[in-house]
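Note sheet for the following structure.
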Amino acid sequence: MQQQSLCPGPCKHIDELAPYVPGLSIEEIREKYGLSEIIKLASNENPLGASPYVQETLKRHAADVFRYPQGGNPELCAAIAKLHDCDPARIVAGNGSDELIDLLMRTMANPGEHNIVCCEPCFGIYPVQAHINRLEIRRQALNKDFSFNFKALLDLVDDRTRLLFLTTPDNPSGYCPSLEQMRDFASRLYKKSPETLLVIDEAYMDFSPDEKGSSLLANDEELPNVAFLRTFSKSWGLAGARLGYAVLPIKIAEGLWRARLPFSVNILAEKAALAAIKDRLFREETLKAVHKGRQWLLENLKSLGCKVWPANGNFIMFQLPANSLSTQECFNTLLKKGIIIRPLGSYKLPDHLRVSIGSKYENMKFIQALKSCLSEKNE
Ligand SMILES: *Cc1c(COP(=O)(O)O)cnc(C)c1O
């Protein structure tokens with residue numbers, strides 16, 4: 001049949017979006033290079049895997065999947081509120097923090113009227129969801145040292161700015177401003193534009209060496225214009241279950257609940273999270289493994305001549321020694337050895353790499369492989 005000139009198609013702003021290109025899967029790489037073992041240090045997942053207690057709980061609740069989850073996830077929200085010692089009415093759970101980022105935009109901002117502000121580079125979901133929601137997006141370049149240019153960010157804000165996104169500790173750099181800097185910025189923002197919500201994405205905050213000294217949430221500071229995002233994907237080991245949450249001013253939380261699809265958090269994700277919260281030992285072990293592994297990797301990357309950035313999350317951003325192989329060559333060579341890390345081209349940082357903190361064994365294999373990449377080049 002001849003192609004009709006008039007037929008249904010996506011809106012122009014969706015059509016012009018670059019398709020999401022996922023990395024090669026573990027299976028693809030295993031087959032392509034004939035490898036028996038693949039080590040994935042590309043997505044900042046939990047180095048210890050999933051808690052055995054969570055796995056057991058999921059098995060126990062497998063028979064419940066025919067039921068709808070309870071609307072509003074009250075048990076889960078109560079457990080999360082307890083973690084932060086806050087009012088459960090401030091919590092909204094979502095299908096990953098990704099869903100909450102989208103929900104915040106749909107709930108807070110109107111296309112053609114409002115704008116959102118974020119950094120460049122930043123977590124890719126903020127600008128992409130803004131585009132999908134047809135919102136004007138204003139971006140402020142990071143400083144050369146990857147710190148936030150607070151003054152310039154504030155200059156981008158006007159009375160039509162509804163959301164301003166900051167990630168602390170930042171991905172991919174690891175940069176984490178101090179509590180005082182964040183508090184000061186929130187109050188300046190409030191003075192300039194009281195209707196702008198500062199969204200602080202704390203996906204990696206629990207890995208920070210000094211959570212109390214860096215997180216407004218950990219200090220229980222309830223500011224009228226600040227929202228926090230946290231996730232079960234990293235330190236809780238539930239990336240595949242898709243569960244994130246926001247801690248918000250109550251009025252905004254109510255709006256998000258109205259706009260959220262009724263059952264976006266599924267019944268197994270909810271059970272998994274409740275079990276993860278109970279398994280305190282697994283979480284302590286996770287945090288310990290990340291702190292130790294991070295220190296070990298930082299030292300070893302440095303001793304290989306790499307430039308490393310201060311790491312506050314469960315990942316390290318680094319550059320290869322000058323006059324060694326290119327980042328792309330390094331990434332490809334590691335891949336052939338069965339080790340997947342993250343090149344940062346999509347963050348417009350083609351000379352930088354990011355590696356997640358893995359288990360002791362994975363970290364050691366990565367450093368061994370990197371060492372051999374660098375020495376092969378010198379032969
Ligand atoms: C990993 C990550 C998240 C978590 O996203 P989920 O949708 O909860 O898996 C959020 N923000 C940043 C900056 C991240 O790197």
Side-chain angles (χ1 to χ4, degrees), residues 20 22-23 40-47 50 54 73 76 80 83 91-105 116 118-130 132 139 142 146 148 163-177 182 198-208 214-215 217 227-248 256 260-261 264-266 268-270 272-273 276-277 286 290 309 311-317 341-344 346-347 349 352-358:
Y20 179 72
K40 184 176 171 220
L41 299 173
S43 303
N44 304 337
E45 291 149 345
N46 192 303
V54 166
N73 313 108
L76 177 63
I80 292 169
L83 286 177
I91 309 292
V92 178
N95 192 285
S97 7
D98 291 356
E99 183 189 19
L100 296 162
I101 292 162
D102 180 62
L103 258 183
L104 278 163
M105 292 181 187
I116 78 156
C118 65
C119 293
E120 167 102 72
C122 70
F123 187 45
I125 299 285
Y126 316 144
V128 170
Q129 288 317 120
I132 291 170
R139 301 187 72 174
L142 297 175
F146 291 90
F148 299 144
L163 297 164
L164 192 157
F165 286 91
L166 292 178
T167 315
T168 66
D170 202 8
N171 178 11
S173 75
Y175 162 74
C176 191
M182 291 304 287
L198 171 60
V199 182
I200 308 179
D201 185 342
E202 296 193 341
Y204 300 102
M205 187 55 91
D206 36 9
F207 298 115
S208 161
S214 317
S215 166
L217 180 60
F228 301 94
L229 294 175
R230 294 244 178 162
T231 179
F232 279 88
S233 295
K234 314 282 159 58
S235 63
W236 301 96
L238 293 177
R242 310 304 304 128
L243 186 63
Y245 60 94
V247 185
L248 305 142
L256 257 66
R260 206 198 75 165
L261 288 170
S264 66
V265 173
N266 73 70
L268 291 177
E270 192 170 51
I277 291 171
T286 296
V290 167
W309 269 262
N312 292 288
N314 64 337
F315 55 87
I316 297 170
M317 185 171 82
I341 62 168
R342 185 71 181 254
L344 297 177
S346 65
Y347 288 87
L349 301 168
H352 296 68
L353 292 158
R354 192 190 71 192
V355 63
S356 307
I357 315 299

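Atom set for the values below is all heavy atoms of this structure, side chains included, hydrogens, waters and symmetry mates excluded. Each ligand, and each atom within it, is numbered from 1 in the order the structure gives.
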Checklist entry - So which of L229, V128, V199 actually passes side-chain contact (heavy atoms from CB on, under 4.5 Å) with I101? => result L229
Checklist entry - In order of chain and number, which residues sit within 4.0 Å of ligand 1 by heavy atom? => result G96, S97, D98, F123, T167, N171, D201, A203, Y204, T231, S233, K234, R242
Item to check | Any P172 side-chain heavy atom under 4.5 Å of L349 side chain | outcome: yes
Next on the checklist: Please evaluate residues N44 and R342 with respect to the criterion side-chain hydrogen bond (donor to acceptor under 3.5 Å, both in side chains), reporting the C-alpha separation (whole Å), side-chain torsions for both, the decisive distance (0.1 Å), and the verdict.
Outcome noted: CA-CA 10 Å; N44 304 337; R342 185 71 181 254; over 6 Å; no
Checklist entry - Are side-chain heavy atoms of K40 and S356 found at a separation under 4.5 Å? => result no
Checklist entry - How would you list all residue pairs meeting salt bridge (charged side-chain N to carboxylate O under 4.0 Å, His left out) that involve residues 118-129, not counting sequence neighbours? => result E120-R139, E120-K348
Checklist entry - Does the pair D206/K234 count as a salt bridge with the N-to-O cut at 4.0 Å? => result no
